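Small disclaimer: the values here were computed from a predicted structure and weren't measured. Index from 1, following the sequence.
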Amino acid sequence: MELYHLNDFIQPETLQKVQDEFTRATEFAAVTVDYRGEPVTGYSNFSDFCMMMRNNEQCRQCCFQSDAHGGLEAARRNRPAIYRCHAGPVDFAIPIMIRGQYMGAFMAGQVRLPDDEMARLEFVVRHSKEMVSSREVKAAYEKLPVMSYEKVVAASSLMFTTVNSIVEKDMLKSENEELKGNNIKLVDEMKARVVLERALKDAEMKALYSQTNPHFLFNVLSTMGNLAISEKAEKTQELVYLLAEMLRYSVKNMNMRIPVEEELAQAERYLQIQKIRYGDRLSYEIDVSRDMRHHLMPSTVLMPFLENCFAHGFDFKEGPGEIKLLGFIARDDLVFEIIDNGAGMTSERLKRVLDFDSSEPLEGNSTGIGIANVYKRLAHTYGDRFKLTIKSKPGEGTFVRIKLDKSLRGGI
């Protein structure tokens, strides 16, 4: 996979000018950082509080880590991420993506919300309380401007549109310069790529981007690997390892029958990744009887239902989340149950999730395509010898039961 650098497509002078104009028109501070969280532009309108933080070596590294993780979260969502940095102020990150690769982020913020709104935002990394305990630093923190959450959202939406326009314009300019130095065949290839990228953007193919496929995983692995090298972070290295194992499983076992034991290992890798993401907000339990672990089943059956716990559950829930993955043999069936205490789904939304023949996309973070694909694969493999049950109530969570004939024979 070819790697690009931010300066290959966007001039720092352009970003600096945007920053300066944005901060002059608002009370926000701003800076543009690379994928490691390190600045590639000068600071615009930085507060005394944040300059105190960055003038201290230990605090500065925490600031870089906050920016790196904030930018990565924005890239994962492909939209602005609003959060609290390690020192307490509210920031937002705008991802800068080039050909699917996360290059860096436009960071702005250094503001406070009214006291009743601050609690709604999480710290992007561990809160560094000990670093902001001095009287001078506290006084500087109190001088930060106070804004409503709605104003922060509006500012992040404005800059998301602005930054994306700059990226698209400069990327096309760079590509045009590259095309001039290549032969006709390469010119035709690059033009086709630009046309395809525009078509994908205009069509808003949410289904394509929401799939967990090798291309997506390689991009994430590249970004995580860069962070691991720069930060020497064990958690980041663990993410890279887990994602690599998930990718290996997906490629190796595509359209294969595998032991239940291997499918459970893939499910646990996914939950470990989400545990790193959610921290103490998430707990999970896997309790599957040993006498069913040697039986065969189609690969990648459980993953879409675990993903559903987050897409329809924890992403819309405040407070701790719990997932239970249970498995047992009942007569001639392998039975899996996935239970979460997430936000749940309304009867209308659940009906659309269960409409496996519908191509109409769902609102929110999931299209339901993963579950529909699993249902069709199971129907092809088992005929009428399987059963899928999904029950959900808003505010109570979701219950999934999958019953598979344990005497699986033939192909997938």
Side-chain angles (χ1 to χ4, degrees), residues 212 217 234-235 237-254 256-315 317 319-345 353 366 370-371 373-375 377-378 381-382 386-392 396-406 408:
T212 304
L217 289 174
E234 294 181 359
K235 286 295 183 183
Q237 293 173 338
E238 182 181 358
L239 277 173
V240 172
Y241 171 78
L242 291 170
L243 282 168
E245 289 300 307
M246 289 185 68
L247 177 58
R248 185 175 295 110
Y249 177 91
S250 299
V251 174
K252 176 183 176 183
N253 298 313
M254 186 177 298
M256 297 286 289
R257 292 184 300 164
I258 47 93
V260 169
E261 182 76 40
E262 294 185 19
E263 178 75 354
L264 293 176
Q266 179 76 339
E268 181 154 25
R269 283 189 285 267
Y270 174 76
L271 290 172
Q272 286 175 337
I273 289 175
Q274 295 290 16
K275 175 67 175 176
I276 292 173
R277 173 189 169 196
Y278 283 85
D280 293 336
R281 286 186 56 205
L282 173 66
S283 62
Y284 68 88
E285 174 187 356
I286 298 178
D287 186 5
V288 176
S289 63
R290 289 191 171 275
D291 59 351
M292 71 182 291
R293 291 178 177 244
H294 69 279
H295 285 278
L296 296 181
M297 64 180 292
S299 67
T300 320
V301 168
L302 301 177
M303 272 283 295
F305 298 97
L306 293 173
E307 291 175 342
N308 194 67
C309 295
F310 298 89
H312 295 296
F314 302 144
D315 283 354
K317 170 186 171 64
E322 299 176 357
I323 296 178
K324 291 184 179 179
L325 171 54
L326 311 178
F328 52 92
I329 294 178
R331 295 185 179 179
D332 295 325
D333 294 321
L334 304 175
V335 182
F336 296 93
E337 293 181 347
I338 299 173
I339 308 163
D340 71 66
N341 69 337
M345 294 179 279
V353 169
S366 175
I371 292 178
N373 284 342
V374 169
Y375 182 88
R377 287 173 55 220
L378 293 179
T381 303
Y382 292 93
F386 86 100
K387 185 176 182 180
L388 172 61
T389 303
I390 304 178
K391 299 178 181 179
S392 187
E396 296 185 16
T398 301
F399 170 88
V400 176
R401 174 176 289 159
I402 309 166
K403 297 176 67 175
L404 308 176
D405 186 344
K406 68 183 178 71
L408 173 62

Stepwise side chain to side chain contact (heavy atoms under 4.5 Å, CB included) test for V301 and F336: CA-CA 10 Å; V301 168; F336 296 93; over 6 Å; no
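- Proximity of L264 to L302: side-chain heavy atoms (C-beta onward) are separated by under 4.5 Å at one or more points.
- Judged by distance alone, the side chain of T398 and the main-chain N or O of G344 form no donor-acceptor pair under 3.5 Å.
- Between the CZ atom in F328 and the CG atom in D287 there is a gap of 10.5 Å [rounded to 0.5 Å].
- Atom CD1 in I402 sits 13.5 Å away from atom NZ in K387 (nearest 0.5 Å).
- Put simply, the side chain of P320 does not reach to within 4.5 Å of the side chain of L282, judged on heavy atoms.
- Within a 6.0 Å sphere centred on NZ of K275, other residues, nucleotides and ligands contribute more than 12 heavy atoms.
- You'll find the side chain of I371 reaches within 4.5 Å of the side chain of F305, heavy atoms only.
- With a 4.5 Å cut-off on side-chain heavy atoms, V288 and E263 do not count as touching.
- Note: I339 CD1 to K391 NZ = 11.0 Å, rounded to the nearest 0.5 Å.
- Formation of a donor-acceptor pair under 3.5 Å by the R377 side chain with backbone atoms of S299 is found in this model.
- A heavy-atom distance below 4.5 Å is found between the side chains of V335 and R401.
- I329 CD1 to D291 CG: the interatomic distance, rounded to the nearest 0.5 Å, is 4.0 Å.
- Taking a 6.0 Å sphere around CG of D280, one finds it holds 12 or fewer heavy atoms contributed by other residues, nucleotides or ligands.
- Partners of E268 according to the side chain to side chain contact (heavy atoms under 4.5 Å, CB included) rule, which considers only residues two or more places apart in sequence or in another chain, are Q272, Y284, I286.
- For the pair K406 and R331, the tightest heavy-atom approach, listed with the atom from each and the gap, is CE-O, 3.3 Å.
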Side chain to side chain donor-acceptor pair (under 3.5 Å) assessment of Q266 paired with Y270: CA-CA 6 Å; Q266 179 76 339; Y270 174 76; over 6 Å; no
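- Contact of the M297 side chain with the I258 side chain is registered, since non-hydrogen atoms from C-beta on lie closer than 4.5 Å.
- Here the straight-line distance linking atom CG of L271 with atom CE of M303 works out to 9.0 Å at 0.5 Å rounding.
- You'll find the ring centres of Y278 and F310 inside the 6.0 Å limit.
- Between M292 and G327 the shortest heavy-atom distance is SD-C, 3.2 Å.
- At least one donor-acceptor pair under 3.5 Å links the side chain of N341 to the backbone N or O of E322.
- With values rounded to the nearest 0.5 angstrom, I338 atom CD1 is found 8.5 Å from I323 atom CD1.
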